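Okay, structure first, notes after.
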2 protein chains.
Amino acid sequence: MTDDDRVFKALADPSRRFLLDLLFARDGRTLTELESELEMTRFGVAKHLKVLEEAGLVVTRRSGREKLHFLNAVPIRQIHDRWIDKYTEHQITTLIDLKRTLEEES
Amino acid sequence: MTDDDRVFKALADPSRRFLLDLLFARDGRTLTELESELEMTRFGVAKHLKVLEEAGLVVTRRSGREKLHFLNAVPIRQIHDRWIDKYTEHQITTLIDLKRTLEEES
DNA sequence: TTGACATGTGACCCGATGGTCACATAACTT
DNA sequence: AAGTTATGTGACCATCGGGTCACATGTCAA
């Protein structure tokens with residue numbers, strides 16, 4: 001399994017994306033704290049976090065018996081750079097900003 | 001199945017990512033042309049293209065009996081914006097540029 | 001209009017993946 | 001030391017997803 005394969009497979013599951021959302025909002029949480037946010041057993045959450053960590057989307061640091069989880073956005077940026085060049089990036093961000101503005105007005 | 005679920009599921013397969021790479025290099029190709037680039041039957045490729053289209057990553061235009069395929073990078077940018085804010089974006093692009101520079105020197 | 005070309009559909013097989021549980025290790029507390 | 005808390009492991013099962021094939025529709029060219 002290649003590196004990018006691990007990243008995309010990791011992102012393919014909604015529970016794992018939700019975990020990234022949680023860490024994006026606030027970093028450095030433990031498994032137990034994250035578990036309380038999902039309707040799933042601890043084992044399921046641990047399995048998902050392992051997948052995210054092996055993909056490099058989450059990095060961890062041990063603190064005693066706790067394991068702290070942090071979001072690493074570098075692989076996300078690399079996905080972006082794979083299919084969006086500098087020129088297209090400007091067009092697309094302009095388009096998305098315009099769309100957002102129109103939606104706010106309505 | 002939600003919209004973003006369709007996008008991430010679509011990106012989870014290496015053959016589909018390769019199809020996006022092909023369309024990123026050159027747009028407007030037909031199924032038959034794309035098929036010749038993959039080691040897979042036409043049916044497999046057609047199935048993958050359908051998944052990409054339903055995810056909005058590929059848009060199509062009919063021209064007679066041919067169907068032309070185009071890359072749409074908007075969903076890719078939205079993935080980026082979900083987990084990378086303006087502040088982090090600057091840090092990360094700097095980091096990636098630095099990494100690239102170092103690799104070129106060695 | 002007849003044949004060749006480009007694409008579409010539904011069923012099928014099989015390996016991969018999500019979620020759970022029983023069990024286990026390690027660290028803090030009193 | 002003993003109980004509690006935080007996390008790790010391997011097996012198990014149900015479902016999903018990738019790839020193929022037989023068959024079908026629609027379009028072009030002579």
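It should be emphasised that the depicted structure is a prediction, and the values quoted were computed from it without experimental measurement. First the proteins, then the strands, lettered A, B, ... as listed; each starts at 1.
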Does anything in residues 39-58 of chain A reach DNA chain D, meaning a heavy atom under 4.0 Å, and if so which residues? A:Arg42, A:Phe43, A:Lys47

Could you tell me the separation between the NZ atom of A:Lys67 and the P atom of C:dA27, rounded to a whole number of Å? 14 Å

Can you tell me which stems DNA chain D forms, taking runs of 3 or more consecutive Watson-Crick or G-U pairs with both distances under 3.5 Å? C:1-30 with D:1-30

Nearest-nucleotide comparison on DNA chain C, the residue closer to the 5′ end among A:Ser63 and A:Lys9: A:Lys9

Nearest whole Å is fine: how far is C:dA6 P from B:Leu68 CG? 13 Å

Just by modelled atom types, is the B:Glu53 backbone N or O under 3.5 Å from a matching donor or acceptor in the B:Arg6 side chain? no

Can you name the nearest heavy-atom pair linking B:Trp83 to A:Phe24, along with the distance? O-CE1, 3.3 Å

Residues which pass ring pair (Phe, Tyr, Trp, His ring centres under 6.0 Å) with A:His80, listed by chain and number, not counting sequence neighbours: B:His80

Can you see whether A:Asp85 engages A:Thr88 through a side-chain donor-acceptor pair at a distance of less than 3.5 angstrom? yes

Given B:Arg26 and B:Glu33, is the side chain to side chain contact (heavy atoms under 4.5 Å, CB included) satisfied, shown in steps? CA-CA 11 Å; B:Arg26 182 165 50 82; B:Glu33 185 178 356; 2.8 Å; yes

Distance-only polar pair, side chains of A:Arg16 and A:His48, donor-acceptor under 3.5 Å: yes

For residues B:Glu37 and B:Leu19, determine if any side-chain heavy atom of one lies less than 4.5 Å from a side-chain heavy atom of the other. no

How many whole angstroms separate atom CZ of B:Arg6 from atom C1' of D:dG17? 16 Å

Interatomic distance, A:Leu34 CG vs D:dG8 C1' [rounded to whole Å]: 16 Å

State whether a side-chain donor-acceptor pair under 3.5 Å links A:Thr30 with A:Glu66. no

In whole angstrom, what separates A:Arg62's CZ from D:dT5's P? 18 Å

Find the distance A:Leu31:CG to C:dA26:C1' and express it as a whole number of Å. 14 Å

Between C:dG18 atom P and A:Glu35 atom CD, what is the distance in whole Å? 18 Å

Taking atom P of C:dA16 as reference, at what distance in whole Å does atom CG of A:Asp13 sit? 18 Å

Determine yes or no for a side-chain-to-main-chain donor-acceptor pair under 3.5 angstrom, with A:Asp27 supplying the side chain and A:Leu71 the backbone. yes

From C:dT7, D:dT7, D:dT5, pick the nucleotide closest to the side chain of A:Arg65? D:dT5

Please determine if a side-chain N or O atom of A:Thr32 lies less than 4.0 Å away from the OP1 or OP2 oxygen of D:dT5. no

